Amino acid sequence: MTTEAAEPAADIPPFRYTAELAGEIEIRWQDRWAERGTFRAPNPVGPLADPGHPRADAEKLFVLDMFPYPSGAGLHVGHPLGYIGTDCYARYQRMVGRNVLHTMGFDAFGLPAEQYAVQTGTHPRTTTEANIGYYRSQLRRLGLGHDDRRSVATIDTDYYRWTQWIFLQIYNSWYDSVAARARPIAELVAEFEAGTRATPDGRGWAELSPTERRRIVDDHRLAYVSQAPVNWCPGLGTVLANEEVTPDGRSDRGNFPVFKRNLKQWMMRITAYGDRLIEDLDALDWPEPIKLQQRNWIGRSTGAHIEFPTAAAPIRVFTTRPDTVFGATYMVLAPEHPLVESLAADAWPGGTRDAWTGGQATPRAAVDAYRKAAGVKTDIERQAENREKTGVFIGAYASNPVNGAQIPIFIADYVLAGYGTGAIMAVPGQDERDWEFAEVFELPIVRTVQPPKNFDGKAYPGEGPAINSAAPDGGLDLDGLFIADAKAKIIEWLEANGHGSGAVTYRLRDWLFSRQRYWGEPFPIVYDEQGNPVALPESMLPVELPEVDDFAPRTFDPEDADSDPETPLSRRKDWVEVELDLGDGPKRYTRETNVMPQWAGSCWYELRYLDPTNPDRFVDPANERYWMGPQSPGDPGGVDLYVGGQEHAVLHLLYARFWHKVLYDLGHVSSFEPYRRLYNQGMIQAYAFQNDRGGYVEAAEVEEVDGKYYFGEQQVTRVYGKMGKSLRNVVTPDEMCEAYGADTFRVYEMSMGPLDVSRPWETRAVIGAYRFLQRVWRTMVDEQTGELRVTDAPADEQTRRLLHRIVDGVRGDLDGIRMNTAIAKLIELTNGLTRLDATPREVAEPLLLMLSPFAPHVAEELWQRLGHAESLAYEPFPVADPSLLVAETVTYPVQVNGKVRGRVEVPAEAAEEAIRTAALAAVADQLAGREPRKVIVVTGRMVSVVA
RNA sequence: GCUCCGGUAGCCCAACGGCAGGAGGCAGCGCGCUCAAAACGCGCACAGUGUGCGUUCGAAUCGCACCCGGAGCACCA
């Protein structure tokens, strides 16, 4: 008895490439790759070395994806775009002979698991590990050729032990600004002891108390505890790094208000690396927009510090235009500036304009009122006020050091406390902001740069000769000098006369490194009885995250700016209080109860991939040198291709570069940059549909009729956005694998467009990739009998030429990470084969090899059916025969006055003169006997005739 | 406001000084297969490259100006 009658699928040819068959093939090959360890890449040394491996001595290639945070929702079709891209590239590079390292890990510490734990009581480790398991199964189903031995998760004790170890390296280092590199802290201490380095107050090292010595040393460390204004987010119950605060003063995660609070926190001295983080960008093959964002974030400004004497202490300002100092007609301090207290006068001096007083009876009252008003305003309000300049006179004057002029001092919120020195010399003639302020307060304006003749604007910040810039005593004279020369001369004068010096400042602040959370790496730090931090020795690593009953930090009313952080770990008193022998006998210590920020684990994971099982070091130097070392003089080294989203432009990518440079300075790695080449993949977004009440309806159930969209009977409107639960437009790779197979899904994602372009997902278009693979299958397997349709007879000339043209093009496309055009060429080749009665083996085999980076399972399957016992993963990628790339004859289009008017076919090797003659003959009727004025022959391309 | 990226058939995209028979795909239409439909196959049609000016023998491609869309920065002295 057969089931054919009952089975609607029965009239599908029995050996067609269907989703079921694809699934069966895919699972089988995934198992086989795993059993055989097909994608394991050999290391030069250590447990992962394998001298017998086919790529053991080959040129290396390290391909890296930004590893994911394993969320509970799993992957949607947008997530694996980059992973598939790197997999195609990695498989191709392996076939052209390289030893390719490609794996995938998990950035698994972080807020969502902790928040879930707070809600449900489930331990974050439980949910996180379950999520990792789910991600792994989803990724495996896609057939990604990862080295399974190298996958790490940041929450593995064996991993974060090395995160803690790197923290200790940073803690035990200082930045030698003369040598421009980090050095071990012991060398600093040695210099102090030897007297070769002066102490801050000049006393001898031996004269200092242990506490004083400690303070000096701790002030040099690259990781240090600071009592400083930090971003306190009561809604999250934790502090945040500057990079995690949005421009409107809210938390990057959760969008809660963020307040400035003075709190004791761990910091990392990333500012010491400001110059190198900017300069080394030039050595990197990164998208320019990302480099630009990093440059902007670091914000290096060169200029000078200048001191303006006052009745109290001198006001120190930073300016990028010291050449304009003769135009400084007033000064502005940030409202929070420390000198405001001592400078503010008790009574208004004679001649004070009414507009300067803010309507107050005394300068002190005006300052208080202004400060109060400024404090109430949020950053958003300040921006919304259209930047109208406000401020008050504080009743005091400063002296301009170049000409002795007495200039009034104001406070105003357009000067930021956090940048430069929090004070400026105002030069309205050359600065738009100062001009605006001067107009509001009727302050004098002196141009010190001659604007061009036709200049009709206000402030003139451009280039020109200096004017009005000579001191009355006849000494200093900048007049006539252009900006660069004027700057050099004034800086020289300032330094010679003790009024200031050349200076560089940064917008970049030190990195706030502690978080009041549970689900993160504990610090390898304890505090002694005096409350001084003490680093634990390496032998005590890892410091394991203890179990707690309550995972939540104390959170507060999001608006409660005066609340104080309380960490989850601090409640485990039995863990916090320890007795340890740190070299001077057993003593009582208390543990650090903050944890590291989520970025810590992702600062170095690429290094652990290189040597994931090494128990003695975070990475063996020989393995690091092989995979990431510089390849030529001047080369920064690093990962050969790093693919990920643009959203990490300043956070992860800046932090990781910083850590890597510290490790480089300390001699632990040979590369001075972690990621030599960066590539930003585009985002896959999707349409979503809203009903007339604005609610989202299930996108998969919406139907399009005549350009309108219907959900059942109801017409809905189409919008475009990120895939997600809230828009009800999620499509998962699992669904696609079920409906079409992983190979089809991979081919579709790669063929939609260039990898770096964002694009809309369209499920109904996936069928195109499916048909393509079905056609490939059909050219090799008879759908009715299952017999091979491949013949050993040679290919005809046309097919052979087509093959070689395609091979040449596909190589070029893959070298340039242009998967979409490579796939188009493979479709073209396949379409060339469907016309044939049988497929010549000399074409079938190269086609499968070229297809295998994109659709590895079906390629392996057919390769095996063609009689090969081994996986094609290490087969050489096809090479085009150059002699078949040049056509025997070339058809030249002939243009007359820019329009194509005829064609001639001539032998490929025809001389220019012969082409010319033939071309002119072809368009003779167009010329109508006239003599052409000019004939341009572009050999191999075309002929252009000017009549 | 400033900077960067991008505008090519209904849609996603190629070509990036040299023939837009658009490389390719989706959707559409026709035909074949089928009792029929789906699937599959074969074929057809559809834009002249956001707008204007310029350079050139020749411009989607280079330059200038503008329009539209996206991203980043936004009192950083």
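Chain identifiers are assigned alphabetically (A, B, ...) following the order of the sequence lines, protein sequences preceding nucleic acid strands; residue numbering begins at 1 within each chain. If you're wondering where the values come from, they're calculated on a predicted model, not measured in any experiment.
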### Option among V449(A), T448(A), D431(A) that satisfies the side chain to side chain contact (heavy atoms under 4.5 Å, CB included) test with R321(A)
V449(A)
### Message
Which residue in the set I306(A), I424(A), L339(A), V332(A) passes side chain to side chain contact (heavy atoms under 4.5 Å, CB included) when paired with I315(A)?
### Response
L339(A)
### Message
Would you measure the distance from the P atom in C4(B) across to the matching atom in C64(B) and give it in whole Å?
### Response
11 Å
### Task
Determine the contact category for S944(A): base if any of its heavy atoms lies under 4.0 Å from a base atom, sugar-phosphate if only primed atoms, P, OP1 or OP2 are that close, otherwise nothing.
base
### Message
Between C66(B) and G1(B), how far apart are the two P atoms, rounded to whole Å?
### Response
12 Å
### Task
Could you work out which one of C26(B), A14(B), C75(B) sits closest to the side chain of Y414(A)?
C75(B)
### Message
Would K389(A) and Y414(A) count as a cation-pi pair here, with the cationic atom under 6.0 angstrom from the ring centre and within 45° of the axis?
### Response
yes
### Query
When we call it a touch if two heavy atoms are under 4.0 Å apart, what does D434(A) touch: a base, just sugar-phosphate, or nothing?
nothing
### Query
Has T834(A) got a side-chain N or O lying under 4.0 Å from the OP1 or OP2 atom of C42(B)?
yes
### Summary
Among C75(B), C57(B), C4(B), the one nearest any side-chain atom of I936(A) is C57(B)
### Task
For A65(B), give its Watson-Crick or G-U wobble partner with both distances under 3.5 Å, or none.
U51(B)
### Summary
Nearest-nucleotide check on RNA chain B, R764(A) vs Y506(A); residue mapping nearer the 5' end is R764(A)
### Summary
Partner of A59(B) under the Watson-Crick or G-U wobble criteria, both distances under 3.5 Å, comes out as none
### Task
Using both distances under 3.5 Å as the test, list the Watson-Crick or G-U wobble partner of A37(B), or none.
none
### P atoms of G50(B) and A59(B), separation to the nearest Å
15 Å
### Task
Please measure how far the C1' atom in A27(B) lies from the corresponding atom in A71(B), and state the result in whole Å.
30 Å
### Query
Given the P atoms of C16(B) and A23(B), what is the spacing between them in whole Å?
14 Å
### Query
Would you call D434(A) and Y330(A) a side-chain contact if the rule is heavy atoms closer than 4.5 Å?
yes
### Task
Using the C1' atoms only, state how far A20(B) lies from A36(B), rounded to an integer number of Å.
41 Å
### Task
Look at all strands and tell whether V427(A) reaches a base, only sugar-phosphate, or nothing, counting heavy atoms closer than 4.0 Å.
nothing
### Query
Going by distance alone, is a donor N or O of one side chain under 3.5 Å from an acceptor N or O of the other, for E243(A) and W297(A)?
yes
### Message
Using whole Å, what does the distance between atom P of nucleotide C75(B) and atom CG of D413(A) come to?
### Response
11 Å
### Query
Just to confirm, is there a sub-4.0 Å distance from OP1 or OP2 of G6(B) to any side-chain nitrogen or oxygen of R759(A)?
no
### Message
Measuring to OP1 and OP2 of C13(B), would you say a side-chain N or O of S751(A) lies under 4.0 angstrom away?
### Response
no
### Task
For A824(A), answer base if it contacts any base atom (sugar-phosphate contacts may also be present), sugar-phosphate if it contacts only those atoms, and nothing otherwise; contact means non-hydrogen atoms under 4.0 Å.
base
### Message
Using atom C1' in both nucleotides, what's the gap between G58(B) and G17(B) to the nearest angstrom?
### Response
8 Å
### Query
What's the CE-P distance between M752(A) and A14(B), to the nearest Å?
13 Å
### Proximal nucleotide (of C26(B), A77(B), C4(B)) relative to the R771(A) side chain
C26(B)
### Task
Could you label the plane-to-plane angle of the Y687(A) and Y720(A) rings as parallel, tilted or perpendicular, counting under 30° as parallel and over 60° as perpendicular?
tilted
#### Entry: Short side-chain N/O contact from R775(A) to OP1 or OP2 of C40(B), under 4.0 Å
no
### Message
Using whole Å, what does the distance between atom C1' of nucleotide C12(B) and atom CD of E762(A) come to?
### Response
7 Å
#### Entry: Shortest side-chain distance from E828(A), nucleotide among A23(B), A77(B), A39(B)
A23(B)
### Task
For K825(A) and A15(B), give me the distance from atom NZ to atom P, rounded to whole Å.
8 Å
### Query
Which way is the base of G70(B) turned, syn or anti, if we draw the line at 90° from 0?
anti
### Message
Quick check on G41(B): is either OP1 or OP2 less than 4.0 Å from any side-chain nitrogen or oxygen of R778(A)?
### Response
yes
### Task
Please determine if R746(A) forms a cation-pi arrangement with F854(A), meaning its NZ or CZ atom is less than 6.0 Å from the six-membered ring centre and no more than 45° off the ring axis.
no
### Query
In whole Å, what is the span from the CE atom of M750(A) to the C1' atom of A23(B)?
18 Å
### Task
Ignoring the backbone of V757(A), work out which of C13(B), A23(B), G72(B) is nearest its side chain.
C13(B)
#### Entry: R818(A) side-chain N/O to A23(B) phosphate OP1/OP2 under 4.0 Å
no
#### Entry: Nucleotide forming a Watson-Crick or wobble pair with C42(B), both distances under 3.5 Å
G30(B)
### Query
What class does the angle between the rings of Y419(A) and F318(A) fall in, given that below 30° is parallel, 30 to 60° is tilted and above 60° is perpendicular?
perpendicular
### Message
Under 4.0 Å, counting only non-hydrogen atoms across every strand here, what does T505(A) touch: a base, just sugar-phosphate, or nothing?
### Response
nothing
### Task
Looking at every strand, decide which applies to L826(A) at a 4.0 Å heavy-atom threshold: base, sugar-phosphate, or nothing.
nothing
### Task
For I827(A), report the nucleic acid contact type (base, sugar-phosphate, nothing); a contact means any heavy atom under 4.0 Å.
sugar-phosphate
### Candidates A77(B), G18(B), C42(B) - which lies nearest the side chain of I424(A)
A77(B)
### Task
Report the distance from atom CE of M850(A) to atom C1' of A23(B), rounded to the nearest whole Å.
15 Å
### Query
In whole angstrom, what separates R295(A)'s CZ from U3(B)'s C1'?
13 Å
### Residue T319(A), side-chain heavy atoms: nucleotide from C75(B), A77(B), C57(B) that is nearest
A77(B)
### Summary
E243(A) atom CD is separated from G72(B) atom P, nearest whole Å, by 16 Å
### Message
Under 4.0 Å, heavy atoms only, any strand: does T18(A) hit a base, just the sugar-phosphate, or nothing?
### Response
nothing
### Phosphate-side-chain proximity, Q774(A) and C40(B), N/O vs OP1/OP2 below 4.0 Å
yes
### Task
Return no unless some side-chain N or O of N820(A) is found under 4.0 Å from OP1 or OP2 of A15(B).
no
### Query
If you measure from the P atom in C68(B) to the same atom in G25(B), how many Å do you get, rounded?
36 Å
### Query
With both distances under 3.5 angstrom, what nucleotide forms a Watson-Crick or G-U wobble pair with G72(B)?
C2(B)
### Summary
Side-chain contact check for A765(A): nearest option of C26(B), C75(B), C40(B) is C26(B)
### Query
When the nearest nucleotide of RNA chain B is assigned to V945(A) and to G753(A) on a heavy-atom basis, which residue is associated with the more 5' position?
G753(A)
### Message
Could you check whether R16(A) makes a cation-pi contact with W777(A), meaning its NZ or CZ is under 6.0 Å from the centre of the six-membered ring and within 45° of the ring axis?
### Response
no
Side-chain donor/acceptor pairs under 3.5 Å, residues 750-758 of chain A, sequence neighbours excluded:
{"unit_1": "S751(A)", "atom_1": "OG", "unit_2": "V747(A)", "atom_2": "O", "d": "3.0"}
{"unit_1": "S751(A)", "atom_1": "OG", "unit_2": "Y748(A)", "atom_2": "O", "d": "3.1"}
{"unit_1": "S758(A)", "atom_1": "OG", "unit_2": "M683(A)", "atom_2": "N", "d": "2.8"}

